Amino acid sequence: MNVLLVGSGGREHALAWKLKQSPRIGKLYIAPGNGGTSQCGENVDMAATDVEKLLAFAQEKEIALTVVGPENSLDLGIVDAFRAAGLKIFGPTKAAAQTESSKVFAKNLMEKAGVPTAQFKTFSDEPSAVAYVRERGAPIVVKDSALVFGKGVTICRSVQEAEDALHDIFSHQGKEVVIEDFLEGPEVSIHAVCAGSDFVLLPASQDHKRVGEGDTGKMTGGIGAIYPLPFMTQKLMDEIGETIVRPILQVLADAGTPFSGLLYPGLILTKSGPKVLEFNSRFGDPECELYMRILQDDILTILEASASGDLRGLSVVCGQMGCVNLILCSDGYPDEYKKGLPITGIEEAEKIDGVVVFHAGTTVKNGQLVTNGGRVFGVTAVGDTLKEALETAYEAADKIEFEGKYYRRDIGAKALE
Ligand code: GLY
């Protein structure tokens, strides 16, 4: 079966790596891919956002399944366009992908579905929003409603900080904001493979979103994922499935915009139970890399089942081992950083038992692998326990070299405590 995978990050390298292991895979194309995906299939020089070109390519190459990695392609309606042309594709429609592309939509959806989330209000003008934060006080959370790649959320410790965040949003791209109460507790990433109102849950994992150790500094796209989480129980997973995922899928289906693909609720476990911080409408990155390492079943069958709208009898078994995906970043990320810096040491890192290195921001220039993004690699490791996986990942991370290499030294530290 010929597959087209859309995207260019670590998530897509991991998906390509796992798809390549499927006994059912034919040709695998990745558009546009990165320095690592070319080892799993053929990179195609097309932007993930060029829906028209991607569709023409899929038709020409007799692609049986297209798999969409990034949220911006979904927001452009890639799933709608492929389905209209009679092609099978993994991911939600533009309407269902609003779960991620509009935070205002997501909050209203949660209210309608009775899903636990922080108390909130939405605003489309700065003065009203400022008046609300002055009345509500700090700490408070300000969110740009639009897609801004994980960087649209500001946790404000003072009213002044909230006013500055609002000013920044309204004077740049922002047209709508969500202002919500600050919640405390460990964050958890939930991944549900969905087909309309039916779903299957992957086990919970945890990302580390801030750039600095001790969860300090700026928000990033996510720079470290771990599994398993010592505080998660089957009972809690069942509760999350029934009180969060199921009602959201039902409301979307009832509205005539059923969700298929991957629904990723980002949760916070508060003293009064799990609450939704946000929804994502695709696999998390760095979580996907970790899932592709622990998944025992055929990813092609799983993605195809969702795209076909039938999850009956689907097996999504994950191993009981510990696993980590440690992201190596370019110095300066999530702000400005240099590109084109030579990279060495991947082979040495992958010689270590249990390690697979996924490329994210890399490319090849004149035969040399060089940096090409803020998140450069995902160093994944499995071990008997999370602690063992972490030790192995750090050992591997030290073998990879490029100027300005940065990674957090405390990934998983809180969970191990
Ligand atoms: N793990 C954060 C994200 O994928 O948005």
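In listed order, ligands and their atoms are each counted from 1. Since we're looking at a predicted model, the values are computed, not measured.
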Do the side-chain N and O atoms of R293 and Y291 include a donor-acceptor pair separated by under 3.5 angstrom? no

Going by atom types alone, do R408 and T220 pair a side-chain donor with an acceptor below 3.5 Å?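 The criterion, which ignores hydrogens and geometry beyond distance, is not satisfied for T220 and R408.
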
In terms of side-chain geometry, is the basic nitrogen of E289 or R11 positioned less than 4.0 Å from the acidic oxygen of its partner?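 R11 and E289: not salt-bridged.
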
Working note: Q206 + Y227, criterion side-chain hydrogen bond (donor to acceptor under 3.5 Å, both in side chains); need CA distance, chi angles, decisive distance, verdict. CA-CA 7 Å; Q206 186 179 54; Y227 163 85; over 6 Å; no

Between E287 and ligand 1, does any nitrogen or oxygen pair lie at a separation below 3.5 Å? yes

A student checking ligand 1 against D207 at a 4.0 Å heavy-atom cut-off should list atoms 1 (N), 2 (C)

Identify, by atom number and element, the atoms of ligand 1 in contact range of R282, meaning under 4.0 Å from any of its heavy atoms.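 Under 4.0 Å from R282, ligand 1 has these atoms: 3 (C), 4 (O), 5 (O).
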
For V370, run the side-chain contact (heavy atoms from CB on, under 4.5 Å) check against T362, V376, V364, T363 and tell me which one passes.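 Passing option: T363.
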
Using a 4.0 Å heavy-atom cut-off, which part of Q206 comes near ligand 1: side chain, backbone, both, or neither?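 Within the 4.0 Å criterion, Q206 makes no contact with ligand 1.
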
Which one holds for Y264 and ligand 1: side chain close, backbone close, both close, or neither close, with close meaning a heavy atom under 4.0 Å? side chain

From atom 2 (C) of ligand 1, work out which of A225, G221, G284, C288 has a heavy atom at the shortest distance. G221

